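Notes to accompany the following structure.
Here is the naming used below: chain letters follow the sequence lines, and residue numbers restart at 1 for every chain. Nothing here was measured: the structure is a model prediction, and the numbers come from that model.
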Number of protein chains: 2
Amino acid sequence: MVAEKVFTQLRRGTLEFCVLALLQGEPRYGFELVKALGEVDGLVTTEGTIYPLLARLRREGLVETSWRESESGPPRRYYTSTAEGSQALAAFTADWQRFCASVDAILERGRRG
Amino acid sequence: MVAEKVFTQLRRGTLEFCVLALLQGEPRYGFELVKALGEVDGLVTTEGTIYPLLARLRREGLVETSWRESESGPPRRYYTSTAEGSQALAAFTADWQRFCASVDAILERGRRG
DNA sequence: CTCCGCTACCATGCGACACAAGGTACCTGT
DNA sequence: ACAGGTACCTTGTGTCGCATGGTAGCGGAG
């Protein structure tokens with residue numbers, strides 16, 4: 001709970017697109033996303049983070065939603081990526097790789113210095 | 001100026017340690033750091049960001065400072081990484097690599113889906 | 001029937017970076 | 001020696017995304 005604080009900052013800006021990536025070709029609902037992200041190192045989060053994020057994606061037209069009945073529990077709101085969402089994801093992926101390369105270079109320089 | 005907004009978020013949490021990396025083995029002053037970061041893709045920033053950041057690092061004991069005369073201009077406050085700073089940098093580097101690997105994996109999955 | 005897990009959602013707060021202005025010291029040209 | 005420009009540091013305000021904690025409803029297990 002203490003060392004994890006670093007990841008809270010690192011997640012900024014990336015979490016949004018990680019969600020978008022998880023929605024590619026496969027509709028998912030909120031709680032499912034929390035569990036999926038929880039299995040990935042450094043991306044653990046909670047519903048309180050995911051739902052505002054999903055609402056934002058919806059406002060921006062990057063995802064669409066639809067209700068479906070569940071066999072065990074309350075109905076679920078499924079989120080699907082729009083074409084615009086996939087496009088935004090692709091653009092981010094390029095930016096992300098550039099950014100990673102820059103940071104890696106600096107950290108590497110620091111290790112030598 | 002529009003697409004750069006993504007990087008603003010990505011910088012969060014990493015900028016601090018990029019500065020720390022630049023200080024390894026080589027004392028630098030604030031303005032110099034701004035220029036050095038400005039040459040790196042995605043890490044461009046301004047004094048208004050750097051100085052509060054440096055103040056934070058100093059409060060946390062990760063850097064030390066000392067004034068030195070300049071041959072051309074006002075005196076400069078030089079920042080040096082402490083042993084604690086180098087240690088924190090090493091810890092972050094490990095976290096960063098874990099995080100990158102996670103994000104890369106998710107983005108990759110999204111491209112296939 | 002009651003408790004607990006699942007599911008969705010909202011209100012509030014914090015932390016880190018951006019933007020912009022202000023201030024002081026030094027140098028240079030004339 | 002004075003004016004203006006540059007180097008350098010500082011401070012205040014704004015923005016935005018994630019965290020924390022809480023509400024509410026449904027359904028199954030004990």
In terms of relative ring orientation, are A/Phe99 and B/Phe7 parallel, tilted or perpendicular, with 30° and 60° separating the classes? tilted
Is the shortest side-chain N/O distance from B/Ser70 to OP1 or OP2 of C/dA25 below 4.0 Å? no
Could you tell me whether A/Thr46 contacts a base, only the sugar-phosphate backbone, or nothing, with contacts defined as non-hydrogen atoms closer than 4.0 Å? base
Under 3.5 Å, which protein N or O atoms sit close to an N or O of nucleotides 8-16 of chain C? Give each pair with its distance.
residue	atom	partner	partner atom	Å
C/dA8	OP1	A/Arg77	N	2.8
C/dA8	OP2	A/Gly30	N	3.4
C/dA8	OP2	A/Phe31	N	3.0
C/dA8	OP2	A/Tyr51	OH	2.7
C/dA8	O5'	A/Tyr51	OH	3.3
C/dC9	OP1	A/Arg77	NH1	2.3
C/dC9	OP2	A/Tyr79	OH	3.1
C/dG15	N2	A/Arg12	NH1	3.4
C/dA16	N3	B/Arg12	NH1	2.6
C/dA16	N3	B/Arg12	NH2	3.2

Atom pairs under 3.5 Å: protein N/O with N/O of nucleotides 28-30 of chain D:
none

Please assess B/Leu53 against B/Arg56 for the test side-chain contact (heavy atoms from CB on, under 4.5 Å), listing each intermediate value before the final yes or no. CA-CA 5 Å; B/Leu53 190 155; B/Arg56 200 171 68 240; 4.2 Å; yes
Can any side-chain N or O of B/Gln9 pair as donor or acceptor with the backbone N or O of B/Lys5 at less than 3.5 Å? no
Linked, directly or transitively: B/Val40 and B/Val44 (ILVMFWY side chains, under 4.5 Å): no
Between A/Ile50 (CD1) and D/dG17 (C1'), how many Å, whole number? 12 Å
Calculate the interatomic distance between B/Glu4 atom CD and C/dC17 atom C1'; express it in whole Å. 15 Å
Between A/Leu54 (CG) and D/dG17 (C1'), how many Å, whole number? 14 Å
Quick check on the hydrophobic clustering: are A/Leu23 and A/Tyr78 connected, directly or via other members, by side-chain heavy-atom contacts under 4.5 Å? yes
Flag if over 12 foreign heavy atoms under 6.0 Å of CD, A/Gln87: no
Can you find a side-chain donor-acceptor pair between A/Glu64 and A/Thr80 that sits under 3.5 Å? no
Can you give each donor-acceptor pair under 3.5 Å made by side-chain atoms of residues 28-39 of chain B, sequence neighbours left out, with the distance rounded to 0.1 Å?
residue	atom	partner	partner atom	Å
B/Arg28	NE	B/Leu22	O	3.0
B/Arg28	NH2	B/Glu26	OE1	3.2
B/Tyr29	OH	B/Arg76	NH2	3.4
B/Glu32	OE1	B/Tyr29	N	3.2

